[in-house]
Amino acid sequence: MRPRSNMFRTILSLLLVINSVTCAAQVRPSGKGNSSDPQSDWIWNQLHCWEEASKPKQIGKIHSVWHKDGQTIYVLRGEGVGTIFKVDPDTGNIGVYRKLDREKKDRYKLEGLVINKKSMKQVGRSTNFSIQVLDINDNAPIFTKDPFNGTVPEMSGKGTSVLTVSAHDPDDPTVGKHANVTYKILNSLGNFFIEQLTGVIRVKTPDLDREKKKDYQLVIQAKDMGLDEGGMSSTATVYISLSDINDNAPFFPRRQYNYSASEATRIGAAIGRVKAEDLDEGENAKILYTIVSLNNTFHIKTDPRTQEGVITLKEPLDFEKQRVHRIELEAENPTLVKGKKYKTRTVLVIDVLDVDEPPVFSRPLYKFAVHENLPLDTSVGKVLAKDPDLARNRVVYSLRKGMNFFKIGKDDGIIYTRVELDREAIAQHNITVMASEVNKSNSTSYAPVVIKVLDKNDNAPRFAENYNPHVCEDDAAGTVIQVISAVDSDEMTPAVRFHFNIALKDSNFSVKDNGNNTANITVRQAGFNQNEVGKFSLPIIIADNGKPSLSSNNTLEINVCSCDRERVPINCRHFAPLTSGVTVTILLVIFLCIIVAIALVVLIVHQKMQKKNTFAGLVKAPGEIQEQLVRYDEEGGGEMDTNSFDITVLNSLRVNGPRPVRKADRAPVYAQVRKPNNDMGSVVKMKKDEADGDRDGLPYDTLHVYGYEGSDSVADSLSSLDVSSIDSDQDYDFLNDWGPRFQMLAELYGSEPHKEFLDY
Ligand SMILES: *[C@@H]1O[C@H](CO)[C@@H](O)[C@H](O)[C@H]1NC(C)=O
Ligand SMILES: *[C@@H]1O[C@H](CO)[C@@H](O)[C@H](O)[C@H]1NC(C)=O
Ligand SMILES: *[C@@H]1O[C@H](CO)[C@@H](O)[C@H](O)[C@H]1NC(C)=O
Ligand SMILES: *[C@@H]1O[C@H](CO)[C@@H](O)[C@H](O)[C@H]1NC(C)=O
């Protein structure tokens, strides 16, 4: 019993009227199951219909006990009524007028009624029934995708599953074998097989080799009707690619590779590339290169992009030492090949090419030492340079730097002094020696030479500073009035010792050596009176411990003063230094000086104000241009005189921009001056424009006459004072074009000015 029939059975209410002419195939025997419906007043048979039928067909009949011929009619309601299904109003015959598709809709629900023709009212109860669409095998299986892609490692064993294909048939799986799908490979090459019922594709031959054939294309057929003949089918493509396993060892196609490299090749530069072949791909084709022969000159590493071995230079090549390098090379996969390590070898032959090299010094830096004060032509040291090339050209030496103090033997490379050296002037000479191959100007090498000048005790020690000691009238014997120390221009090593002695046999003072190159001057004989002796001159001899020892005579002037308790001098007969105390007289002098200075300033300011007032009248006449010759006695000091000329004034203008010109003060239109095309040019132009527009200032041309232009200018004097303008062959006519403000200059230097400017 089929489940759908069960469902119908519960709905069925009455006997079935058989109409086997229609498309109905299965007819229910009447009366079955109608006992549950006591009010069975309808009769209809099981209504069903084959899908895809093209012609209109009668599929069944309904009958009601309320139907009275001529008085009532049958009417249908529900899905597809009027279009797909129609009922004959008198007989109750139901017809199908459209092609049906079970895969779209397999059951229609309808309602049958009896209606009075006159009143158009329903008579009795209606009945619900359905029409079932029956399946025919009108659909082929549909693959879930197309194409299918699968991957399987090469050399996989027989039966290894690659992928599963699957197809679905939309037909009714309960009817026959309409949806019973089986699979088949149509273009079998024998490498793969498919399981008929499950669609699993498996490896058939175990020796699939990716290096021989990587990609396979299969056409798979899916067919319904199970294993029966016939049925509907469709196809899909399956792409199978073999994935790589490391089943090939690398190998060198050649037993020897030749390269050449110039001996000038930099360290680290690539000399050549070598490639070991590996039929595998990706990780399995990675290659590790190692140089197996004894070698310090070359290095090889793998280019990760190409897996080539890149040979680089580790140590400089020297054609003169070794002309050919043979190195043995090994290549291997870092991963195991079929569980083992395989290595392959080849030989690289590298020819070294000769390059004409400049001479090579025996040392990168020479350090010599020579004593000062030795006579000239003393030898200092010897440098050596050789031509590294086979030619072994002769090398000549010269000095590039340091020629003022030294000379070098052209052929032997011995450096001599040219002057008596003075360590106290230059303690270390840094010179450069040049070595050139004979008759070759471009083959030159340089080497730095450091010559240290060794000290000789040729300077006597002297006071470290200017001491200004005083002794107080009531100083007791033993009072330290000054600690003295000394300096020496000679090299001050820790071993240098100074000795201090008083040159007098009998003195009121004594010197006590502190043992650390200082000494205390102490009072030996107390009881001083500045009215008796105002000042002592103490001669002190300072000697060093050089060999021979040098000494100098120095004098310490000691003032006698009356002091307070702290030994601060209050009054000295001789002028006491400011540092040791300021006396009232000194303060008075300073006060007087300040007063005089203030008076001077007031005077100058007053005079300036008066001058301004006299100018005021002149400014009032606008448009009237006046010239004034101002003579300066003070002048610029040349290029070294950075105080007189302050460039920051010009620069500030660049930063702040030109002062805006007020409308009322707009400058008269002058002839355009060609401005220089640079920054400073525009600054000068701005300055000029600003001056032109500034009516508050004095509209005067001022001529500065400089008697002295400074000593540091390389250029000759720019002064025009010595040059007569008549003698000058220069043309100053352009001054006329510079406008009225330059008229004074134009008249001085130029020929007749242009008329229009005179009229201005
Ligand atoms: C399947 O393989 C084919 C051929 O190798 C390729 O063109 C296609 O893009 C692949 N499709 C997918 C989904 O990988
Ligand atoms: C030489 O070089 C040293 C160290 O660079 C430097 O102190 C010294 O002043 C140099 N001597 C001269 C003369 O330039
Ligand atoms: C020298 O004078 C200082 C103080 O001025 C004192 O500390 C030192 O002991 C004196 N040296 C000697 C040897 O008297
Ligand atoms: C020592 O000082 C006294 C007085 O202060 C002076 O008369 C005497 O000449 C001084 N002695 C020497 C050697 O200067």
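The model shown is predicted, which means the values in this text are computed figures rather than measured ones. For the single chain, residues carry numbers from 1 onward in sequence order. We count ligands from 1, going down the list as the structure has it; atoms in each ligand are counted the same way.
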Taking atom 2 (O) of ligand 1 as the reference point, the nearest protein heavy atom with its distance: N149 ND2, 2.4 Å
Report yes if the SG atoms of C472 and C561 are separated by under 2.5 Å, and no otherwise. no
Are the charged groups of D244 and K214 less than 4.0 angstrom apart, N to O? no
Numbering as shown, the atoms of ligand 4 that approach G527 to under 4.0 Å (heavy-atom distance): 5 (O)
Is the F509 ring parallel, tilted or perpendicular to the F528 ring (thresholds 30°, 60°)? parallel
Closest approach of F405 to L421 (non-hydrogen atoms, all atoms of both residues): CD2-CD2, 4.1 Å
Enumerated ligand 4 atoms positioned under 4.0 Å from heavy atoms of F528: 5 (O)
Check ligand 4 against E532 and write out every atom of the ligand that is under 4.0 Å from a heavy-atom position of the residue. 4 (C)
In the complex you have, is atom 14 (O) of ligand 4 within reach of the protein, judged by whether a heavy-atom distance drops under 4.0 Å? yes
Has ligand 2 got any nitrogen or oxygen that is less than 3.5 angstrom from a nitrogen or oxygen of H429? no
Going by atom types alone, do N139 and D169 pair a side-chain donor with an acceptor below 3.5 Å? no
Start with the C-alpha gap between Q428 and N430, add the side-chain angles, then the distance that decides, and say whether side chain to side chain donor-acceptor pair (under 3.5 Å) holds. CA-CA 6 Å; Q428 182 183 318; N430 308 320; 2.9 Å; yes
For atom 12 (C) of ligand 2, tell me which residue out of I451, N430, I426, I431 has the closest non-hydrogen atom. N430
Given V560, N508, V471, identify the one with the heavy atom nearest to atom 8 (C) of ligand 4. N508
min-distance protein heavy atom vs atom 4 (C) of ligand 2 -> Q428 NE2, 4.2 Å
Can you confirm whether the side chains of N514 and N520 place a donor and an acceptor under 3.5 Å from each other? yes
Among all the protein's non-hydrogen atoms, which is closest to atom 5 (O) of ligand 1, and how far away is it? Y239 CG, 4.2 Å
